[in-house]
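Structure first, then comments.
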Amino acid sequence: MTQLKVYNSLSRKKEVFESITPGHVGMYVCGPTVSGESHLGHARPFITFDIVFRYLQYLGYKVRYVRNITDAGHFEEEGREAEDKISKKALLEKLEPMELVQKYTNMYHWAMRAFNNIDPTIEPTATGHIVEQIGMIEKIIADGYAYVANGSVYFDVEKYNDVFSKKGLPYGMLSGRILDDQLDSTRELENRDEKRNHRDFALWKNAAPEHIMRWKSPWGEGFPGWHIECSAMATKYLGAQFDIHGGGMDLQFPHHECEIAQSTVCNHVTPVRYWIHNNMITINGKKMGKSYNNVIKLTELFSGNHPALEQAYHPMTIRFFILQTHYRSTLDFGNDALKAAEKGLKRLWEAYENLDKIQSSAANAADTELDTKCVGLLNEFDEFMNDDFNTAKVLANMFELVPVINGIKDKHINQNALSAGTLKLLKEKMKTFIEGVFGLQNIMEQGNSKIDGVIHLLMEIRKEAKLRKDYVTSDKIRNELTALGVQLKDEKDGSMSYTLA
RNA sequence: GGUUUCGUGGCCGAGUGGCUAGGCAGAGCUCUGCAAAAGCUCGUACAGCAGUUCGAAUCUGCUCGAAACCUCCA
């Protein structure tokens, strides 16, 4: 079998994946800031890395998956005043900060479950790791890469860059930014900053008197900087150097760049072996953002309650839609595309369920050509996933298998076309990848036994009517049920089945 | 301005230097009392212009166009 290759943002190349500790993988993914409701933009990275998590486990790795909750609030670095998003929002909503954080954390968890994302193995909070963050900052100061100003602490980017460039680790190596070019153009000295340099970033920020969220530190009361929590928590749970760090492409600069700098100073080693970044989403071709007024919250997405949405979309439709695109491509959300995804998922799922209905007793395939083709398609599942998690290609193969499955079920294709062994492989692979690796679930409504009984009764009556050629009655049953969202299907063998829309 | 991406058939989207991606929609056919579902068949696409090459959608250059990041953001 081929080896897993991942695209490493750091080297800008696909690299063979080798974990630091054989059999184990440490993975850190930047989680949400819980100062507001989760939106569509959160869906992509968390689904993407859920697939990574699942696939690594499928490959047999024991994975420690750390995904943080940022509940301490970031502040605007360039703003005149430091601003804690959570403090601000808490005042606005008249909630205790932790009450606010709890509320949005719960909603976030609810959405993650709706997407069928597996919980990370550790989900640390920033507020729960103030001690670790302070400890890390102290180390950075002691090493001379940070300075204190008015109760705040800043990382000295220029010094870091000077020293570490000589070691081949310049600041900006992840995002391809060359510091010198940018520093020269830093002429906007409009605010008398505490920073020595425009590029310096805060490790700790002194809290203004009105700040609600504040902690004691060696430098006075304040709150941690934007970037330090990830470094502190990743180091604590995954060690000085770990395998995978994930997040959205927008975090590459400056967030991940700063993480690298902080951790490298503290731990004397670059923190991450493989950086994996998912691309962004757009909505009808436009970036999602407050300025475009097109931020779709997940609650709105699932309910269809948003001007940009023509209907509600099931979380599984979103998941499937995301899987149809490679994670490093931008993905455009539009109603037509989402509806297409919904139909596609239903078709795939029905074929998947039809698998249970077919059997083969053939030791040898009656149609060796088809048999060989199917085995090839199935084996490519692993090959494609090993090629930087190409879920889109795996789905394409699955759709090539759909007509084969349906054909056998409807007896267009010889019942023994596939050998018993191939059919077994087909069933196993489909189950493993659809449910296991992709984490897809049925989106068709499930009836209870009473509904099922009633519909079967109606199907019986319709069947009898048809035998009498009483098409008025049979059509009435069919049409009225269709109107209620129950679709009857006449099977080839004269039987009937139904699905709930 | 700097850093990055990207421009693929009606829509969404994979993709490798030469071999059909796939989904949705559309057309025809089979099945059916009629439908639906299912199956079969079909469009022969790769922004434009040059160049490299036996051969490029895939490599190079330029032009046009779009997006992201550089400031909170997934």
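Order of the sequence lines sets the chain letters (A, B, ...), proteins ahead of strands, with each chain counted from 1.
Within the 4.0 angstrom heavy-atom criterion, only backbone atoms of the sugar-phosphate kind lie near A:Ala337; the bases stay farther away. If you check every strand for non-hydrogen atoms under 4.0 Å, A:Phe46 touches nothing. Base engagement by A:Gly41 is indicated by at least one non-hydrogen atom pair under 4.0 Å involving a base atom. Base engagement by A:Arg462 is indicated by at least one non-hydrogen atom pair under 4.0 Å involving a base atom. Within 4.0 Å of A:Glu350, counting heavy atoms only, lies no atom of the nucleic acid at all. At the heavy-atom level, A:Ile413 lies nowhere under 4.0 Å from the strands shown. Note on A:Thr48: nothing from the nucleic acid sits closer than 4.0 angstrom, heavy atoms only. Residue contacts shown for A:Met398 are absent, as no nucleic acid heavy atom lies under 4.0 Å away.
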In sequence, state the C-alpha distance, the side-chain angles, and the governing distance for A:Arg113 and A:Asp119, and then conclude on salt bridge (charged side-chain N to carboxylate O under 4.0 Å, His left out). CA-CA 8 Å; A:Arg113 300 241 155 82; A:Asp119 293 335; 2.9 Å; yes
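Comparing the same atom, P, in B:G48 and in B:C31 gives a spacing of 44 Å after rounding to whole Å. Atom name C1', nucleotides B:C46 and B:G15: the rounded distance is 11 Å, in whole Å. Taking the P atom of each, B:A74 and B:G65 are spaced 32 Å apart, rounded to whole Å. B:C6 and B:G13 have their C1' atoms separated by 13 Å, given to the nearest Å. Of the P atoms belonging to B:G1 and B:G43, the separation is 44 Å, rounded to the nearest Å. Between B:U5 and B:C59, the distance separating the two P atoms is 13 Å to the nearest Å. Atom C1' of B:A68 sits at a distance of 39 Å from the matching atom of B:A27, rounded to the whole Å. To the nearest whole angstrom, the two C1' atoms, one in B:A45 and one in B:C40, are 23 Å apart.
Side-chain atoms of A:Glu37 and A:Thr299 include a donor-acceptor pair closer than 3.5 Å.
Judged by distance alone with a 3.5 Å cut-off, a donor-acceptor contact links the side chain of A:Asp490 to the base of B:A35. Residue-to-nucleotide contacts include a donor-acceptor pair under 3.5 Å from the side chain of A:Arg478 to the base of B:A35. Not a single donor-acceptor pair, N or O on each side, falls under 3.5 Å between the base of B:C70 and the side chain of A:Arg199. On a pure distance criterion of 3.5 Å, no polar donor-acceptor pair joins the side chain of A:Asp332 and the base of B:G13.
Comparing B:U4, B:C72, B:G33 against the side chain of A:Arg12 picks out B:U4 as the nearest. The side chain of A:Glu400 lies closest to B:G22 when the candidates are B:A14, B:C69, B:G22. Between B:G33, B:A14, B:G23, one nucleotide has an atom nearer to the side chain of A:Arg347 than all others, and that is B:G23. Residue A:His39 places its side chain closer to B:A74 than to any other of B:A74, B:C69, B:A14. Side-chain proximity of A:Thr325 to the nucleotides B:G13, B:A74, B:A38 is greatest for B:G13. Of the candidates B:C34, B:A36, B:G15, B:A36 carries the atom nearest the A:Gln487 side chain, counting heavy atoms from C-beta on.
Taking atom CG of residue A:Leu345 and atom C1' of nucleotide B:G22, one finds them 15 Å apart after rounding to whole Å.
Base pairing of B:U53: no nucleotide in any strand meets the Watson-Crick or G-U wobble criterion (both distances under 3.5 Å). With a cut-off of 3.5 Å on both pairing distances, the Watson-Crick or G-U wobble partner of B:G7 is B:C64. Pairing of B:U32, defined by two Watson-Crick or G-U wobble distances under 3.5 Å, is not identified with any nucleotide. Nucleotide B:C42 is matched to B:G26 when pairs are restricted to Watson-Crick or G-U wobble geometry with both distances under 3.5 angstrom. Remark: B:C69 base-pairs with B:G2; criterion is Watson-Crick or G-U wobble with both hydrogen-bond distances under 3.5 Å.
Aromatic ring pairs are classed by plane angle as parallel below 30°, tilted from 30° to 60° and perpendicular above 60°; the pair A:Tyr28 and A:His245 is tilted. Under the 30°/60° scheme for interplanar angles, the aromatic rings of A:Phe253 and A:Tyr171 are found to stand perpendicular. Using a 30° and 60° split on the angle between ring planes, A:His456 and A:Tyr498 fall in the perpendicular class, above 60°.
Using a 4.0 Å cut-off between charged side-chain N and carboxylate O, A:Lys463 and A:Glu460 make a salt bridge.
The aromatic ring of A:Phe399 does not sit over the base of B:G23; the criterion of centres under 5.5 Å apart with planes under 30° is not met.
Here the options are A:Leu331, A:Asn279, A:Ile281, A:Thr330, the test is side chain to side chain contact (heavy atoms under 4.5 Å, CB included), and the partner is A:Thr325; only A:Leu331 passes. A side-chain hydrogen bond (donor to acceptor under 3.5 Å, both in side chains) with A:Asp387 is found for exactly one of A:Lys14, A:Lys5, A:Lys393, namely A:Lys14.
Mapping A:Arg44 and A:Tyr327 onto RNA chain B by nearest heavy atom places A:Tyr327 at the nucleotide closer to the 5' end. Comparing A:Asn397 and A:Pro45 by the nucleotide of RNA chain B whose heavy atom lies nearest to each, the residue mapping closer to the 5' end is A:Asn397.
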